[in-house]
Asker: 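One structure coming up, written as structure tokens, with questions to follow.
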Protein chains: 2
Amino acid sequence: MTSHEQSLQYLQSLGYRLTPQRLLVLEIVAEGGSHMGVDEVYRQARAAYPYMDLATVYRTLRLFKQVGVVTEVAIGNRLHYELTDPGEKHHHMVCRDCHRAFNLSPHYLEEFRDTLIKEFGFAPDLEHFTVSGDCVDCRAGAAPAAGSTINNADNWENAES
Amino acid sequence: MTSHEQSLQYLQSLGYRLTPQRLLVLEIVAEGGSHMGVDEVYRQARAAYPYMDLATVYRTLRLFKQVGVVTEVAIGNRLHYELTDPGEKHHHMVCRDCHRAFNLSPHYLEEFRDTLIKEFGFAPDLEHFTVSGDCVDCRAGAAPAAGSTINNADNWENAES
DNA sequence: TATGTTATCGCCAATGTTTGCATTAACTGG
DNA sequence: CCAGTTAATGCAAACATTGGCGATAACATA
């Protein structure tokens with residue numbers, strides 16, 4: 001059984017229905033690998049199933065995010081999604097200049113989470129956590145890496161040390 | 001000289017022009033006290049100067065945020081702004097259930113910032129930092145405080161300990 | 001397998017926010 | 001104080017995302 005099928009069974013176990021549209025969106029996000037823009041998911045879905053509606057894509061991704069199947073990252077002011085890897089969860093640092101995203105190990109936030117819970121009873125939603133800021137290259141004034149468009153998989157580097 | 005005037009002089013020193021619209025928006029945000037929704041700023045601005053355009057309000061607030069005059073907080077999916085108090089900077093925790101916002105002392109993030117810079121050369125933009133999550137009351141299943149609308153100043157509590 | 005219930009879909013309109021562009025008005029230097 | 005330069009405005013249209021609603025199809029039950 002593939003991991004998509006597991007995710008779909010999980011959805012079903014929560015009482016959500018298993019529709020072809022959901023299967024399709026899940027496959028696309030899974031295949032996409034790195035963070036996919038909504039428009040790209042929509043384009044691919046529509047290619048496979050011409051009746052697919054944009055609103056359905058948004059609703060499906062929101063649902064997936066809600067149940068933890070995908071992770072949402074806001075880049076610039078657009079939403080992007082990647083399959084949540086249960087073994088390799090990570091947060092994101094997004095550069096506000098070049099808009100590249102870097103992965104951040106959860107380890108760096110554990111202490112922060114504990115503090116908020118203990119001090120304020122506030123349970124932060126770190127599943128969907130993203131910090132924006134300035135990355136090394138942009139701080140150095142270096143030109144961003146070639147072809148730095150949001151949907152270019154090369155922009156997604158791994159910053160775990 | 002009031003602090004608004006200082007802010008405006010600062011804008012001017014950066015090469016931005018000092019327009020009546022900017023003065024107006026700044027005054028409104030300053031008077032508003034707690035976090036103001038864009039629509040509310042727009043309504044008040046339009047009342048004082050009927051030609052005021054929504055786009056101008058957005059552009060002005062974005063500029064103010066960029067230069068650090070105001071702080072932006074995303075609540076639900078709307079943008080809110082408050083005057084940046086240079087002496088009393090703070091971050092925000094927003095409850096995704098009741099949508100109340102709580103202030104968070106910068107102290108809790110200093111270590112996190114240092115780590116990111118040291119390990120990855122990534123300088124996080126904590127001026128505009130917000131964590132979403134579940135607040136004490138909502139976690140306890142308690143009904144949110146009476147009159148919990150976003151623009152109600154009473155919702156803005158101070159969580160500094 | 002047939003049937004009923006109701007979640008989900010596709011379509012369309014509304015929302016919140018951003019952008020393009022011609023006009024206006026802040027600043028600059030004479 | 002006047003004229004030139006150019007940033008900022010107002011307007012309208014674009015864009016990204018969300019919501020309402022009737023029709024459809026997924027699941028449960030028999």
Side-chain angles (χ1 to χ4, degrees), chain A residues 5 8-26 35-43 45-67 69-70 72-81 96 99 128 149-151, chain B residues 5 8-26 28 35-43 45-67 69-70 72-81 96 99 128 150-151:
Chain A
E5 282 161 351
L8 289 170
Q9 282 206 345
Y10 177 52
L11 275 179
Q12 208 168 21
S13 78
L14 292 175
Y16 297 105
R17 291 182 184 172
L18 220 124
T19 70
Q21 290 92 336
R22 284 176 181 165
L23 173 58
L24 188 52
V25 169
L26 184 61
H35 317 61
M36 302 267 292
V38 175
D39 49 342
E40 196 165 337
V41 175
Y42 176 52
R43 207 169 333 115
R46 179 168 259 251
Y49 172 63
Y51 291 95
M52 176 66 78
D53 194 82
L54 227 202
T56 301
V57 173
Y58 274 106
R59 279 189 282 238
T60 304
L61 289 172
R62 203 190 327 160
L63 173 67
F64 285 177
K65 170 196 170 186
Q66 199 183 306
V67 303
V69 169
V70 303
E72 181 189 85
V73 193
I75 302 179
N77 31 32
R78 294 181 191 184
L79 300 178
H80 291 247
Y81 297 87
R96 60 183 151 173
H99 286 183
H128 310 116
T149 340
I150 287 174
N151 292 322
Chain B
E5 281 161 351
L8 290 170
Q9 283 206 343
Y10 177 52
L11 275 179
Q12 208 169 20
S13 77
L14 293 175
Y16 297 106
R17 292 181 184 171
L18 220 123
T19 70
Q21 290 91 335
R22 284 175 180 167
L23 174 58
L24 189 53
V25 169
L26 184 61
I28 291 170
H35 317 64
M36 301 268 294
V38 174
D39 50 339
E40 196 164 337
V41 175
Y42 176 52
R43 208 170 331 118
R46 179 168 259 253
Y49 172 63
Y51 290 95
M52 177 66 78
D53 194 84
L54 226 202
T56 301
V57 173
Y58 274 105
R59 278 190 284 237
T60 304
L61 289 172
R62 198 183 338 152
L63 173 66
F64 284 177
K65 169 195 171 186
Q66 200 183 305
V67 302
V69 169
V70 303
E72 181 189 86
V73 193
I75 302 179
N77 31 30
R78 297 184 188 178
L79 301 178
H80 290 247
Y81 296 87
R96 60 183 150 173
H99 287 183
H128 310 115
I150 288 172
N151 291 322

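Every heavy atom of this structure was used, including side-chain atoms; hydrogens, water molecules and symmetry mates were not. So that the names make sense, note that chain A is the first sequence line, chain B the second, and so on, each numbered from 1. None of these values were measured; they are calculated from a predicted model.
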Asker: Looking for any heavy atom pair under 4.0 Å, which part of the strands does L54(A) touch: base, sugar-phosphate only, or nothing?
Answerer: base
Asker: So what does P20(A) hit on the nucleic acid, given a heavy-atom distance under 4.0 Å: a base, only sugar-phosphate, or nothing?
Answerer: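 Here P20(A) touches the backbone only, sparing every base.
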Asker: Look up atom NE2 in H35(B) and atom CD in E40(B), then write down how far apart they are to the nearest 0.5 Å.
Answerer: 13.0 Å
Asker: Judged by each residue's nearest nucleotide on DNA chain D, which is more toward the 5′ side, N77(B) or L63(B)?
Answerer: L63(B)
Asker: Toward the 5' end of DNA chain C, which comes first, D53(B) or R22(A), by nearest nucleotide?
Answerer: R22(A)
Asker: Which part of the nucleic acid, if any, lies within contact of Y51(A), taking any heavy atom under 4.0 Å across all strands shown: a base, the sugar-phosphate backbone alone, or nothing?
Answerer: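 Y51(A): backbone/sugar contact only, no base atoms under 4.0 Å.
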Asker: Contact class for Y42(A) (heavy atom, under 4.0 Å): base, sugar-phosphate, or nothing?
Answerer: nothing
Asker: Which nucleotide span of DNA chain C, 5' end to 3' end, has atoms closer than 4.0 Å to non-hydrogen atoms of chain A?
Answerer: dT6(C) to dT18(C)
Asker: Is it true that the side chains of R46(B) and Y42(B) contain a donor and an acceptor less than 3.5 Å apart?
Answerer: yes
Asker: Flag the pair L79(B) / Y81(B) as yes when at least one side-chain heavy-atom distance between them is below 4.5 Å, and no otherwise.
Answerer: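 Yes, close enough: below the 4.5 Å cut-off.
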Asker: Can you check whether M52(B) reaches V57(B) side chain to side chain, under 4.5 Å on heavy atoms?
Answerer: yes
Asker: Determine whether V25(A) and F64(A) make a side-chain contact, defined as any pair of heavy atoms from C-beta on separated by less than 4.5 Å.
Answerer: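 Yes - at least one pair of side-chain heavy atoms lies under 4.5 Å apart.
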Asker: Which residue, L54(A), L61(A), T56(A), forms the side-chain contact (heavy atoms from CB on, under 4.5 Å) with Y58(A)?
Answerer: L54(A)
Asker: According to side chain to side chain contact (heavy atoms under 4.5 Å, CB included), who are the partners of Y16(A), at least two apart in sequence or on a separate chain?
Answerer: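 Applying side chain to side chain contact (heavy atoms under 4.5 Å, CB included) to Y16(A) gives L11(A), L14(A), R22(A), L63(A), Q66(A), V67(A).
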Asker: What are the 5'-most and 3'-most nucleotides of DNA chain D lying under 4.0 Å from any heavy atom of chain B?
Answerer: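 With heavy atoms of chain B under 4.0 Å away, the range is dT6(D) to dT18(D).
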Asker: More 5' along DNA chain C: R59(B) or T19(B), using each one's nearest nucleotide?
Answerer: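 Closest to the 5' end, via its nearest nucleotide, is R59(B).
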Asker: Could you tell me if the side chain of R43(A) sits less than 4.5 Å from the side chain of D39(A), heavy atoms only?
Answerer: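 A side-chain contact exists here, since the closest heavy-atom pair is under 4.5 Å.
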Asker: Which residue, P50(B) or G15(B), contacts DNA chain D at a nucleotide closer to its 5' end, judged by nearest heavy atom?
Answerer: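 Nearest-nucleotide comparison on DNA chain D picks G15(B).
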Asker: Flag the pair L23(A) / L8(A) as yes when at least one side-chain heavy-atom distance between them is below 4.5 Å, and no otherwise.
Answerer: yes
